[in-house]
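What follows is a set of notes on a single structure, which appears directly below.
When a ligand or atom number is given, it counts from 1 through the structure's own listing order.
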Amino acid sequence: MAFLELDGLTKNYGSFQAVKGIDLAVERGHLVCLLGPSGCGKTTTLRLVAGFVPANGGQIRVGGKIVSSAGATVPPEDRNMSMIFQSYALWPHMTVFGNVAYGLKLRKLPANEIRRRVDEILAATRLSQLADRYPGELSGGQQQRVSLARALVIKPEILLLDEPLSNLDANLREEMRFEIRRLHDEFRYTTVYVTHDQSEAMTTADLIVVMNDGRIEQAGSPEDIYERPETEFVARFIGGTNILKGRRGDVATVVRPDGLALQCRSGTVAGEGETAVSVRQHDIHLSRTKPNGIETNTAPATVVRQIYLGSHRDYLVSLGDGETVRAFAPVDFAVPPGDQVWVRFPPERCRALAR
Ligand code: ADP
Ligand code: MG
């Protein structure tokens with residue numbers, strides 16, 4: 001039995017259903033990321049877990065005990081959980097020490113115990129030197145670390161984070177991802193982490209749950225989700241990709257409307273109707289001349305635009321029927337717009353998507 005279980009969970013706001021039947025099992029000590037575009041129901045799911053909003057259907061169980069169902073909701077203060085929001089919500093009139101100690105004072109712990117636990121968590125979050133400062137005297141990253149320290153110090157059963165890094169600038173955000181993962185490795189709290197940023201999810205998560213329109217689209221390790229997307233939505237959302245549509249040729253081949261046959265070494269070709277192939281920008285090969293002896297998965301194309309990006313060139317090329325494909329090429333492969341090139345879609349990098 002997993003520590004945190006969501007079972008057929010639904011949430012309606014009036015006639016609008018924001019969460020449409022979510023099943024999820026989180027093992028004790030794991031960090032799970034809910035990843036998806038704005039409005040897909042991530043925050044609502046987190047608030048359901050925290051007990052801030054009641055469920056309309058299904059259940060949430062912690063350690064096998066029901067905490068939310070359509071009939072009853074255990075209030076947030078009776079769930080041993082900490083939630084961290086986008087805004088750090090620190091007390092401006094309290095020092096770093098005071099902010100972190102606050103939750104323990106509410107719980108009426110003895111003063112020496114409070115001092116010991118706060119000192120320990122300030123050391124772990126590298127804030128010891130700043131204990132006497134006020135939030136107004138801290139950088140954004142330092143304030144975010146204080147909010148993490150404050151959440152961790154009460155030793156929650158479950159830690160909930162809602163886009164905790166979205167107010168930080170890009171460099172700091174990247175650094176804090178590693179920091180969150182490091183703290184997780186140290187404290188091993190069962191954590192649900194909400195983000196719309198795929199790199200953030202890939203850096204921090206044991207399990208990534210991709211959400212779309214109130215539902216779970218796919219759940220798996222970062223590698224699973226990136227290497228083996230099951231749907232067009234997941235392939236596009238994680239890492240970006242080209243989706244080429246066609247019809248079934250055979251069990252592992254999709255034939256495009258212009259006749260180009262794409263052999264796919266992974267995925268599933270739909271039996272009937274339209275089916276798709278996903279091939280990522282950096283997996284496509286461009287060349288000036290037709291690749292020798294290779295007939296399959298190869299087509300002529302025209303360069304539409306080309307951008308120099310330092311580490312590579314970002315091409316947009318147009319196939320015979322006007323369909324465009326994005327492909328990355330080495331910087332020394334420089335072909336101007338209007339020129340013809342050959343595009344090769346390596347079968348081992350082509351993934352068939354039935355959905
Ligand atoms: P996310 O966090 O993934 O961006 P949310 O869970 O905040 O998405 O919202 C999911 C959907 O539910 C959105 O369409 C949003 O407009 C709607 N929604 C969220 N909160 C409320 C509310 N209190 N009342 C009505 N609709 C809401
Ligand atoms: Mg949100």
Side-chain angles (χ1 to χ4, degrees), residues 4-24 26 31-60 67-70 73-76 79 81-90 140 143-144 147-148 151 156 158-170 172-173 176-177 180 190-205 207-220 222 225 229-240:
L4 170 65
E5 296 170 298
L6 279 52
D7 193 355
L9 191 66
T10 62
K11 176 65 194 170
N12 307 331
Y13 293 116
S15 61
F16 174 75
Q17 193 162 47
V19 173
K20 299 175 178 167
I22 285 193
D23 298 318
L24 178 66
V26 184
L31 192 156
V32 169
C33 263
L34 303 182
L35 173 65
S38 176
C40 71
K42 305 181 297 293
T43 294
T44 303
T45 304
L46 211 61
R47 292 172 64 83
L48 284 161
V49 173
F52 293 135
V53 290
N56 292 98
Q59 277 189 354
I60 301 173
V67 295
S68 288
S69 64
T73 308
V74 174
R79 306 181 179 204
M81 300 184 188
S82 282
M83 183 150 169
I84 299 183
F85 305 90
Q86 226 168 298
S87 60
Y88 319 119
L90 301 177
Q143 290 183 45
Q144 187 53 277
S147 77
L148 268 170
I158 295 178
L159 181 62
L160 305 170
L161 302 108
D162 192 0
E163 313 251 8
L165 307 184
S166 55
N167 278 342
L168 303 178
D169 58 38
L172 202 53
R173 203 153 60 216
M176 282 300 288
R177 283 177 204 154
I180 285 180
T190 307
T191 304
V192 185
Y193 187 118
V194 160
T195 180
H196 65 274
D197 181 315
Q198 58 135 335
S199 321
E200 212 170 295
M202 292 182 95
T203 312
T204 54
L207 181 78
I208 295 181
V209 174
V210 182
M211 287 184 66
N212 178 23
D213 192 23
R215 291 193 177 84
I216 291 179
E217 193 85 15
Q218 187 175 347
I225 297 281
E230 280 160 14
T231 67
E232 208 179 305
F233 178 87
V234 174
R236 280 190 202 278
F237 194 75
I238 312 296

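Side-chain atoms of D23 come within 3.5 Å of backbone N or O of G8 as a donor-acceptor pair. Looking only at distances, a side-chain donor or acceptor of Q218 sits under 3.5 Å from a matching main-chain atom of E230. Side-chain N or O atoms of T195 include none that pairs as donor or acceptor with a backbone N or O of A201 at under 3.5 Å. Proximity of a side-chain donor or acceptor of N212 to a complementary backbone N or O of E217 within less than 3.5 Å is not detected. Of the possible polar contacts, one joining the K11 side chain to the P54 backbone as a donor-acceptor pair under 3.5 Å is found. Using modelled atom types, one side-chain atom of K42 and one backbone atom of P37 make a donor-acceptor pair closer than 3.5 Å.
With no hydrogens or angles considered, a side-chain donor-acceptor pair links S68 and R79 at under 3.5 Å.
When all heavy atoms of V53 and T44 are compared, the pair lying nearest together is CG2-O, 4.3 Å.
Panel detail: the Mg ion (ligand 2) has protein N, O or S atoms under 2.8 Å away, 1 in number.
The immediate protein surroundings of ligand 1, defined as residues with any heavy atom under 4.0 Å of it, consist of Y13, F16, A18, P37, S38, G39, C40, G41, K42, T43, T44.
Across V26, L6, V32, a single residue satisfies side chain to side chain contact (heavy atoms under 4.5 Å, CB included) together with V209, and that is V32.
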